[in-house]
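This is a predicted model, so every value here is computed, not measured.
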Amino acid sequence: MSRRNYMLFLLALVIAVALTFLAVKSWQEWQRDRFDCTGELSVRYPSAEANIAIRYIFNGNNGVAILRGEITQQGQAALPVNHNVWFSFTRKGQDYFLQSERVSASTGEPTTNALLLRTLPDFYLREGVPFYLNISRTDGNHWLFFTSRSPSIYCKA
């Protein structure tokens, strides 16, 4: 192999490695803001409790939180929770700053029922409400969501 062919081969190899590195890095960056996972939220008060599954879907700078479950208060019928919260977000490292954009309840019930207001953070019930989450990936399929204003959620992708 001539010196010129050897140098061209070496240059092609370096370019291929660099392109592979850039592709992998780009793919990892893209995945950081595009994932979805589901976790269980349990809230207990002396006279009421909530058991709600929350599915978060993050896609670029937007996302949706889908809440399904119920809230029960002593002596009353269970109140279904069937909310969709569309949001925008920005992130810095593991800190996610969400802003609710649109909130709807597919049950046709108002999203601001008094029991809901006492149980869930306003982010899940009203539009234009900021919400802070710290999201840490614990392994390939699990995420830990935590904030100072609500219980932790352990999510499975």
Looking at side-chain heavy atoms only, is the closest gap between [X] and [Y] below 4.5 Å?
X	Y	result
Asn51	Arg44	yes
Leu79	Thr72	no
Leu116	Val81	yes
Glu127	Val85	no
Tyr56	Ile153	yes
Tyr124	Ser100	no

Once you round to the nearest 0.5 Å, how far does [atom1] of [X] lie from [atom2] of [Y]?
X	Y	atom1	atom2	answer
Asn134	Arg91	CG	CZ	10.0 Å
Cys37	Arg55	SG	CZ	9.5 Å
Leu117	Leu125	CG	CG	5.5 Å
Thr119	Ile71	OG1	CD1	4.0 Å
Trp143	Thr38	CH2	OG1	13.5 Å
Ile52	Leu41	CD1	CG	5.5 Å

Tell me whether [Y] is reachable from [X] by hopping between hydrophobic residues (I, L, V, M, F, W, Y) whose side-chain heavy atoms are closer than 4.5 Å.
X	Y	value
Val103	Phe89	yes
Leu115	Phe123	yes
Val43	Val129	yes
Leu120	Ile66	no

With sequence neighbours excluded, tell me which residues meet side-chain contact (heavy atoms from CB on, under 4.5 Å) with [X].
X	value
Thr90	Phe97
Leu11	Ile15
Ala53	Glu40

Which residues share a salt bridge (Lys or Arg N to Asp or Glu O under 4.0 Å) with Arg118, sequence neighbours left out:
none
Between Arg68 and Asn84: side-chain donor-acceptor atoms closer than 3.5 Å
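Yes, a side-chain donor-acceptor pair sits under 3.5 Å.
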Any side-chain donor-acceptor pair under 3.5 Å between Ser88 and Gln99?
no
Counterpart residues, ring-ring contact (aromatic ring centres under 6.0 Å, His included), relative to Tyr45 (two or more places apart)
none
Whether over 12 other heavy atoms sit under 6.0 Å from Arg4 CZ:
no
Strictly under 6.0 Å, is that where the ring centroids of Tyr96 and Phe58 end up?
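Yes, they do, as the ring centres are separated by less than 6.0 Å.
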Starting from Leu8 and following side-chain heavy-atom contacts under 4.5 Å between hydrophobic residues (I, L, V, M, F, W, Y), which residues can be reached?
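Once heavy-atom contacts under 4.5 Å are chained together, Leu8 still belongs with nothing else.
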Over all atoms of both residues, closest heavy-atom pair of Phe146 and Ser136:
CE2-OG, 4.0 Å
Flag, side chain of Asn59 to backbone of Asn62, donor-acceptor distance under 3.5 Å:
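Such a contact is absent between Asn59 side chain and Asn62 backbone.
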